[in-house]
Structure formats: C-alpha cells, structure tokens
K.L.:
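Below: one structure in structure tokens.
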Amino acid sequence: MSDANPHAGRPFTDDDAALAAHLEDVSIPALLCAMVHVTGDPLWIRSDLKPHAVFLNEYQGFMGEEEKAEARRRALPALAAFRDGGCVLPPQPSTEVLHEMMEFLACGPVDAEVVPMFLEDLHLDGADSGAITWGDELPADVKAAAHVVVIGAGESGLLAGIRLQQAGIPFTILEKNPGPGGTWFENRYPGARVDIGSHFYCYSFEPADHWSEYFCRQPELKAYFERVMRKYGLEENTRFSTEVLGAAWDETTGRWSVDLRNPDGSTETLDAFAVISAVGALNQPKMPDIPGLEDFAGPLFHSARWPEGLDITGTRFALVGAGASGFQIAPTIADQVAHLDVYQRTAQWVMPNANYHRQVPSGEVWAMQHLPFYARWFRFLMFWPGAGLSIEGSRIDPNHDDSDGLAISAASRQRRGMFEKFITDGLAGRPDLIEKVMPHYPVSAKRMLQDNGVWLDCLKRDDVELIRTGIERIVPEGVVTTDGVLHPADVICCATGFRHTDFLWPIEFRGRGGVRLRDQFGDEPKAYLGITVPNFPNLFCLYGPGTNLAHGASMIFQSESQVAYIMSALRELLGTGATALEPKPEVHDAYAERYQSEISQMVWAHWSVKHSHFKNAKGQIWTISPWPIPEYWRWCHDFRAEDFVLS
C-alpha cells in the first residue's frame, strides 16, 4: 500500500480473531464502501445489504443487527485476503462508482452538480485538492514584495498560512494569545467540546484518524491545531502574544500599515501588501449589562476566560447564561459544586445526539487508521446529512399561520413535535421544568444545542435550579433577581456569548480616504461574499459578515472555501501587476441587497425570536449565511475578476 496517500490506511497484520473484533465497532455503511476500495468490486454496495436511512449523527444507516452481522461475516475473509496479499490496493474506483458510493450512503440520489464538492472534500486520491500549485508562475521578486499579514492563528488563520506558504508568498501571522487554536485556545471551561462531529471538524486534507471522541473536547482540539502548526512549520512565521491595534491603507504606496503591540508592551508597525482577517466572529467575550458586577465578593468571569486552577468544589455556583457554553458547563460541574443556579433568559431547542459524549471505540479507531478510505467515507456520513444542500427547510412559509410564533411551516411544526417529545420525555414527572425549558419560537431559529440526556438530567437534580426570572443586580453575596430574591453565590460565571455582530472589533481599520471600517459597517456589516469590502483594498475577511453557518457543513469547511477564494484574488493581483483589489460598489451592493432579501425570509429572522446573537439592535441579521452550502462553495471556487476594481 502506497505511503503517498495518507487516507489509504496503514498496512496491518492483525489475525482473523482481531479483525473480527475490530469489525464489531465499525460503521457498516462506511465499511461496505471501504470494501469497494479493498477489493475493487462495487458489488459491495450493490448487494442486499444497504443502509435504510440517513440521519445526522447516526452512523449505522438504521441497519438491523442481523444485517450488520452478515456484512461483517462477508467482509472478514476479504480483509484477511487483503492482509495476506500485503495490503496492496487495486486501482481507484471510477468517478461514476464513487458517485454511486455517495448515493449508497445517502440512501438516495446525489445530484451530479454537488459531486465535485464532495470529491474535493474526500481527497480519495491522497492529494490536497486545495493546495496552491501556481506559486512558481509568479516572478520571485513579485512574491517577495507581497508580504501578507494574517490576523489570528485559529483554524482559519493557520489555513491561510498553509496556503500562503505553498504559494511562496511571504506572510506573518499575528496572534494575541500565547498559542494557536483561537476558540480552542481560549475556551477551556469545563465541558467545552465541539458540536460538529470531530471527523468533519478538521481540515479536509488532514487525516482524521486520531480523535478519541465523536465530539472532542477542548484539550484535544487545541492539541490538533498545535500539531498542524508544527507539521507545516508555521511557527517561524507566527508572532504570539501580539495584539493588532489597527491597520491603515496608504493610497500613495498601495500598502497596508499594521500597528501592533508586542508582548513587552512596545508598539510596532508592519508593512503589508494585503491583510487577511482571521479573527473569527465568536472571539470577543460579551459581558452582561448587569449592575454591580464589580461588587461581587468572589470570582466573577466570562466562560471564555475561565481562571486556570479555579477550584469550585463545594461552592454555590451561579451560571449566568445557558446557551452553547452554559449548556456544556452545567452538567460537567454539577457533581463538583454544592449548589448550581442556572440563569437562562431564553429557552433553547435541544437536539438528541446519543454520540455527543461517546468515545470512539477501539475497533473504529483501528478502521480509521488501517481500513482503506474508511475514515473518508465516515466523514461523508457526517457531512451529507448536514450538507445544507437546500435552504428551503429554513424558509418562512408566507402561507403558514405563524401567529403563535411556534413554527414557520407545516414541516417546521412537525419537527417541533419531535423535539418537544424529546424534552418532555427527558423531563417526565417535572412539569415545572418542562414549562421553563420549552422554547416559544420555531425549531432552529436560534443555535441548536445537542444533548445525550445529560443536560435534562442535570436540570432535574435537587442541587440544581433553573432560574428564568431576570437578574436585577449583582451584590457581594450573590445574585438578586427582579422578584427581589437574593440567590447566594460563591462563584459567578457569565456564559453570555460574544460580540458576534461587531466584526473585526476592536481593531481600527482605516481604508481609502481614511474611512473607518467601524463607521462604514455601522449596525449593518456588509462584505461581498462576506470576504471583501469596498474602500478597503486588499483586505480579506475569513468568517466575515453573513458567513456564519446555522444550516450545515462546518466553519473549517467554510474556511477552506473562503481561503481558496482569497488565494485566487491574490493570484489575480500578483499575476496582473495590480497593487489594489476591491469589489465594485454595484457588485457589493447588489450582493448585500440579495443577502438581506434572503436572510429576512429565514427562520433565524423570525419575529418570535427576541434575543439572538444573530441579530443586531434593529432585529436585522448580517451574521448568518442564507445560501445553500454547494452554492457558496461554487462562488468561492469561481473567482470573477470582473467583480472587482483592480488598480
């Protein structure tokens, strides 16, 4: 087996008994696809053994135990023969067969138009399909003068560094933290974990055979990005503990001046041909506007600034906020504290996910590492049900009666019934909690939270109280609610989210004519494709306005698309000899108008949602993407020079 393809698996010598034991743990649909690669025979996906349905976070295709046992029985001798033959792979299946394998896992048709997107993500040929191969086309002196500053060493900043390095373009990554990882460096609160499957929440070109859990926790995610940084040698281009203060465009030189503060407190200015903002949108903590925060006698902090070494054993713990972070914190610390008060402004929809805290079993790990392309097809199983191929399920049906604010369509009302049942079953015998926990807005109108039962079980504990009464003020002894009750507390954690609508804050960007990006954005931050902004030449945003995902894929997938677009823009700039590139105002404005028209028809904009980090103060949304995932992917892979002014 060739070592050149990292997804083909490593040769194995396990005996038949060990192979049989490994197969007990694997996803049978992914196994059957892997067997096509092992044997070169597509009959493995054309037999009587097939997945019956596909659903998010369900990896067995709802196959019965007898069917799964029969699949393992058939696979064992073929794997033994493969082993005994030296693990030599036959030729790669044709594109037509690969398409058929996608439809096998999808349990239905896969439109030919989206096959290229999935093939690019699968990397079955072992090549990094997003790798930059055009660097040698450019003269060395042109590249040498094209220094790029990347702000942030999270997942998107590291990715930008990898692609710039491949192009031979000089770059510097500036990171305010002492290490890489962004979100996963900062958010170390108890229970912090990803809510996109680990095997999909990673770079498509990096093998995903190392995860210990299906939804990994913060330390493992942080270690992953550290490992990627080392593998690609990005340390020498990265300056840690370095804060970017501002950046200004100099029209006389056609360059950016980037002001920064070094670890020792000194300031410095870097010259840059282009700036890539990879600061993220969930980066700056948002503290609640509650009187008396500074009066509290004990530790009080934001969840993204959890104090290292904090001992909460036996304390009365106040958790302000029960969104994505608070939802993870509460069940994790309930056994440690003496009493836990959870303050929740708005109830959240909870989606059942039995795999949310589940360890990847040893047989599955073996298959990821040794069974040819098993991990890639397992990744497809995670991707396909959440691929966001259509946005129509999130569109408000104008003919549906939504006067009760509970659903946006007939299908939405049906989904509501499913999730209501999960909540009511999980809180059986506690009608008081059901009333508090049940949301009064449509399913998915706010960020969906995933639960394997621990959240609902946590709320039922005698030493946990869910408080929906508003907070009036903080006093030295604890929290006073609007009904005048004092709730004693020793520790207060504010899991109150981030400044999602304040894109690129607090960095001060000044573009043409000294215009401030903050003034141009105002309450309605707009960028063409969420990436480029008029009046700010050669400034590129990753995770910019209108690109957050609430209906499919992952932010790493989104970053790979956006970085591909940015690299195409840089190629256009350097290849034509231009010094500045910015979107034509009419192109930008038409996109923004279409964006607002689309997003205003979606569930996230529904009138019943009063509090949402997706919305600005006017109730408008400039944060979430309203585009089908394949459509935005195609836009990012089809850079149109005619959309820009090059000077």
Side-chain angles (χ1 to χ4, degrees), residues 53-56 106-111 113-114 345-352 384-424 434-435 437-450 500-501 523-524 526 529-530 545-553 589-635:
V54 63
F55 193 76
L56 190 65
C107 300
V110 173
D111 194 310
E113 288 190 357
V114 302
R345 182 173 60 181
T346 307
Q348 301 283 127
W349 279 112
V350 178
M351 179 173 65
W384 172 261
L389 302 181
S390 170
I391 200 74
E392 294 310 304
S394 298
R395 191 179 299 278
I396 299 169
D397 181 354
N399 299 315
H400 180 77
D401 180 8
D402 67 345
S403 57
D404 59 4
L406 302 182
I408 61 168
S409 63
S412 169
R413 200 166 291 276
Q414 184 178 21
R415 286 196 298 273
R416 180 184 184 91
M418 294 169 51
F419 290 114
E420 281 181 339
K421 185 177 187 305
F422 176 72
I423 292 173
T424 53
I434 292 174
E435 174 58 29
V437 169
M438 195 66 69
H440 296 285
Y441 56 84
V443 170
S444 77
K446 297 183 68 174
R447 182 172 176 175
M448 293 284 289
L449 306 179
Q450 302 187 53
H500 192 179
T501 59
D523 291 332
E524 301 177 1
K526 306 168 189 174
L529 299 185
T547 63
N548 193 7
L549 297 174
H551 66 288
D589 294 349
Y591 175 83
E593 183 178 349
R594 184 184 172 200
Y595 169 87
Q596 193 54 226
S597 174
E598 283 294 294
I599 200 67
S600 65
Q601 300 177 52
M602 300 300 168
V603 64
W604 310 292
H606 196 259
W607 63 265
S608 62
V609 179
K610 307 302 182 186
H611 303 287
S612 169
H613 72 279
F614 298 152
K615 292 184 174 181
N616 64 14
K618 301 175 185 176
Q620 295 177 321
I621 295 180
W622 296 94
T623 51
I624 295 293
S625 171
W627 314 121
I629 299 298
E631 184 171 7
Y632 188 78
W633 177 87
R634 282 193 291 271
W635 291 343

K.L.:
What distance do Ser612 atom OG and Ile624 atom CD1 have between them, rounded to the nearest 0.5 Å?
P.N.:
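That separation rounds to 7.5 Å.
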K.L.:
Could you report the tightest heavy-atom contact between Ala347 and Val437, atom names first, then the distance?
P.N.:
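Result for this residue pair: CB-O, 3.2 Å.
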K.L.:
Taking Asp397 first and then Arg413, would you say they form a salt bridge - that is, a charged N and a carboxylate O separated by under 4.0 Å?
P.N.:
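Result for this pair is no, no salt bridge flagged.
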K.L.:
Looking only at non-hydrogen atoms, find the nearest pair between Pro442 and Ser608 and report the distance.
P.N.:
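Reported closest heavy-atom pair: CD-OG, 3.1 Å.
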K.L.:
Restricting to non-hydrogen atoms, name the atom on Pro626 and the atom on Ile391 that form the minimum distance, rounded to 0.1 Å.
P.N.:
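Scanning both residues completely, I find the closest heavy atoms to be O-CG1, 3.5 Å.
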K.L.:
Taking it one step at a time, do Lys446 and Trp349 satisfy side-chain contact (heavy atoms from CB on, under 4.5 Å)?
P.N.:
CA-CA 8 Å; Lys446 297 183 68 174; Trp349 279 112; over 6 Å; no
K.L.:
Within the side chain of Arg416, is there an N or O that forms a donor-acceptor pair under 3.5 Å with the backbone of Leu406?
P.N.:
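Present.
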K.L.:
What is the distance from atom NZ of Lys615 to atom CG of Asp523, rounded to the nearest 0.5 Å?
P.N.:
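If I round to the nearest 0.5 Å, the distance is 15.0 Å.
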K.L.:
Taking the side chain as C-beta and beyond, is there a heavy-atom pair between Trp604 and Ile599 under 4.5 Å?
P.N.:
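Sidechains of Ile599 and Trp604: in contact.
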K.L.:
Enter the distance from Glu420:CD to Ile434:CD1 here, rounded to the nearest 0.5 Å.
P.N.:
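Separation between the atoms: 10.5 Å.
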K.L.:
Using a cut-off of 6.0 Å, state whether more than 12 heavy atoms not belonging to Lys610 lie near its atom NZ.
P.N.:
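Yes - once you tally the heavy atoms of other residues, nucleotides and ligands closer than 6.0 Å, there are more than 12.
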K.L.:
I'd like to know whether Lys526 forms a side-chain contact (heavy atoms from CB on, under 4.5 Å) with Gln596, so could you lay out the CA-CA distance, the side-chain angles of the two residues, the decisive distance to 0.1 Å, and finally the verdict.
P.N.:
CA-CA 10 Å; Lys526 306 168 189 174; Gln596 193 54 226; over 6 Å; no
K.L.:
With side chains defined as the heavy atoms from C-beta onward, is the minimum distance between Glu524 and Pro545 less than 4.5 Å?
P.N.:
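When only atoms from C-beta onward are counted, Pro545 and Glu524 do not touch, as no gap falls below 4.5 Å.
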K.L.:
Working to the nearest 0.5 angstrom, can you tell me the gap between Tyr441 OH and Gln348 CD?
P.N.:
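The CD atom of Gln348 is 4.5 Å from OH of Tyr441, to the nearest 0.5 Å.
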K.L.:
State, with a plain yes or no, whether a side-chain heavy atom of Asn548 is found less than 4.5 Å away from one of Phe614.
P.N.:
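Yes; the side chains approach each other to less than 4.5 Å.
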K.L.:
For a 4.5 angstrom cut-off between non-hydrogen side-chain atoms, does Met351 reach Val443?
P.N.:
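Sidechains of Val443 and Met351: no contact.
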K.L.:
Go through Met602 and Ile408 one step at a time and tell me if the side-chain contact (heavy atoms from CB on, under 4.5 Å) criterion holds.
P.N.:
CA-CA 9 Å; Met602 300 300 168; Ile408 61 168; over 6 Å; no
K.L.:
Shortest non-hydrogen contact from Ile621 to Tyr595?
P.N.:
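Taking every non-hydrogen atom into account, O-CE2, 3.4 Å.
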K.L.:
Quick one: CD on Gln601 to OG on Ser394, what's the gap to the nearest 0.5 Å?
P.N.:
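Gln601 atom CD to Ser394 atom OG measures 12.0 Å (nearest 0.5 Å).
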K.L.:
Find out whether Pro439 and Ile423 are in side-chain contact, i.e. whether some heavy atom of one side chain is under 4.5 Å from a heavy atom of the other.
P.N.:
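Yes; the side chains approach each other to less than 4.5 Å.
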K.L.:
With a 4.5 Å heavy-atom cut-off, do Ile629 and Leu549 have their side chains touching?
P.N.:
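Ile629 reaches Leu549 side chain to side chain.
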K.L.:
Under 4.0 Å between a Lys/Arg side-chain N and an Asp/Glu carboxylate O for Glu631 and Arg634?
P.N.:
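Here Glu631 does not pair with Arg634 in a salt bridge, since their nearest N and O are not under 4.0 Å apart.
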K.L.:
So, the side chain of Asp402 versus the backbone of Gly405: is there a donor-acceptor pair under 3.5 Å, distance only?
P.N.:
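Not confirmed, Asp402 side chain does not pair with Gly405 backbone.
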K.L.:
For Pro385 and Val54, which heavy atoms make the closest approach, and how far apart are they?
P.N.:
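Heavy atoms only, the tightest pair is CG-CG2, 3.6 Å.
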K.L.:
Would you compute the distance between atom CH2 of Trp627 and atom OG1 of Thr547 and round it to the nearest 0.5 angstrom?
P.N.:
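With rounding to 0.5 Å, CH2 (Trp627) is 12.5 Å from OG1 (Thr547).
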K.L.:
Closest heavy-atom contact between Leu56 and Gly386?
P.N.:
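Closest approach of Leu56 to Gly386: CD1-N, 4.1 Å.
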K.L.:
Stepwise, does the side-chain contact (heavy atoms from CB on, under 4.5 Å) test hold for Trp384 with Val110?
P.N.:
CA-CA 10 Å; Trp384 172 261; Val110 173; 3.7 Å; yes
